[in-house]
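To start, the structure itself, in structure tokens.
Keep in mind that the numbers below use all heavy atoms, side chains included, and drop hydrogens, waters and symmetry copies.
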Amino acid sequence: QEHERRMGFVQVRMKKHRWYPRILKNNDPLIVSLGWRRFQTMPLLCVKDPNARLRLIKYTPEHLHCLATFYGPLTVPNTGFVAFQSLAASIPHFRVAATGVILEVDSGFKVQKKLKLTGTPQKIYKNTCFVKDMFTSALEVAKFEGAALRTVSGIRGAVKKALSASGEEGVFRATFEDKVLASDIIFLKAWVPVEPFSLYNPVSNLLDGSGWRRMRRVGELRKAAEIPI
């Protein structure tokens with residue numbers, strides 16, 4: 001039907017199956033059986049903070065539910081699904097990787113991850129300090145004007161303006177509540193939005209997956225290229 005052809009981002013609540021031996025990795029391809037469809041997609045894993053922020057996580061929690069966002073057919077909420085990492089018949093262990101339920105469809109999910117930038121003082125004048133090694137251009141500094149800074153010794157401050165006359169790119173002026181030490185490291189903690197991947201790879205043969213090319217997982221790619229962890 002017409003509404004069944006619509007595609008978009010779907011938010012789900014999922015949990016790694018307790019009998020599956022491995023934890024699942026963020027953005028690792030999963031084969032999802034949802035309704036009458038079976039397809040491969042890349043879920044973006046996250047949890048909801050107490051302040052309702054969707055925070056990115058790298059792996060599924062061991063015995064807890066987590067949220068995930070993936071690209072696929074827009075399905076009615078409260079529809080259940082199961083996920084597999086592989087459909088091969090040669091897998092010796094339990095195959096069902098995760099189970100879950102659809103929560104919402106296409107409502108603009110904003111998943112964010114923590115960003116921690118560090119810099120060092122270049123010149124210090126009383127409570128004003130020129131900071132280097134944190135940004136690479138004046139444009140980056142302009143995006144973070146007014147952002148809160150903190151030093152290792154606990155002195156708080158704020159980003160003011162980029163130095164246009166300085167020879168180095170990314171040096172900026174910052175003000176602090178006390179004089180910064182030359183040996184201090186300055187931190188900037190921020191949140192950055194993360195975009196989920198739009199992968200939708202329908203399984204053409206529902207019986208054994210033969211003749212269907214799937215996207216390989218990170219572990220398989222690393223093993224094939226002989227890249228150490």
Please tabulate, for side-chain N and O atoms in residues 16-25, each donor-acceptor pair with protein atoms closer than 3.5 Å (sequence neighbours left out).
| residue | atom | partner | partner atom | Å |
| --- | --- | --- | --- | --- |
| K16 | NZ | Y20 | O | 2.7 |
| H17 | ND1 | W19 | N | 3.2 |
| Y20 | OH | Q85 | OE1 | 2.8 |

I'd like a table of donor-acceptor pairs (distance under 3.5 Å, sequence neighbours excluded) in which one partner is a side-chain atom from residues 219-227, with atom names and distances.
| residue | atom | partner | partner atom | Å |
| --- | --- | --- | --- | --- |
| E220 | OE1 | R214 | NH1 | 3.3 |
| E220 | OE1 | R217 | N | 3.0 |
| E220 | OE2 | R214 | NH2 | 3.0 |

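- Listed by chain and residue number, nothing satisfies the ring pair (Phe, Tyr, Trp, His ring centres under 6.0 Å) test with F109 (two or more places apart in sequence, or in another chain).
- Applying the salt bridge (Lys or Arg N to Asp or Glu O under 4.0 Å) test to residues at least two apart or on different chains, none of the pairs has a partner in residues 124-134.
- Residue pairs meeting the salt bridge (Lys or Arg N to Asp or Glu O under 4.0 Å) criterion with at least one partner in residues 134-161, sequence neighbours excluded, are E145-K161, R156-E177.
- The hydrophobic cluster containing F135 also includes L115, L117, V131, M134, V141, F144, L149, I155, V159, F172, F176, V180, I186, L188, V192, under a criterion of side-chain heavy atoms closer than 4.5 Å among ILVMFWY residues, counted directly or through chains of members.
- By the side chain to side chain donor-acceptor pair (under 3.5 Å) test, S33 is found to be paired with no residue, residues two or more places apart in sequence or in another chain being considered.
- Sorted by first and then second residue, the salt bridge (Lys or Arg N to Asp or Glu O under 4.0 Å) pairs with a member in residues 179-189 form an empty list; sequence neighbours excluded.
- With sequence neighbours excluded, the residues that form a ring pair (Phe, Tyr, Trp, His ring centres under 6.0 Å) with F130 are Y125.
- For F81, there are no ring pair (Phe, Tyr, Trp, His ring centres under 6.0 Å) partners two or more places apart in sequence or in a different chain.
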List, one per line, each side-chain donor-acceptor pair under 3.5 Å for residues 44-51, sequence neighbours excluded.
| residue | atom | partner | partner atom | Å |
| --- | --- | --- | --- | --- |
| D49 | OD1 | R55 | NE | 3.2 |
| N51 | OD1 | R53 | N | 3.4 |

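- Not a single ring pair (Phe, Tyr, Trp, His ring centres under 6.0 Å) links F70 to another residue, sequence neighbours left out.
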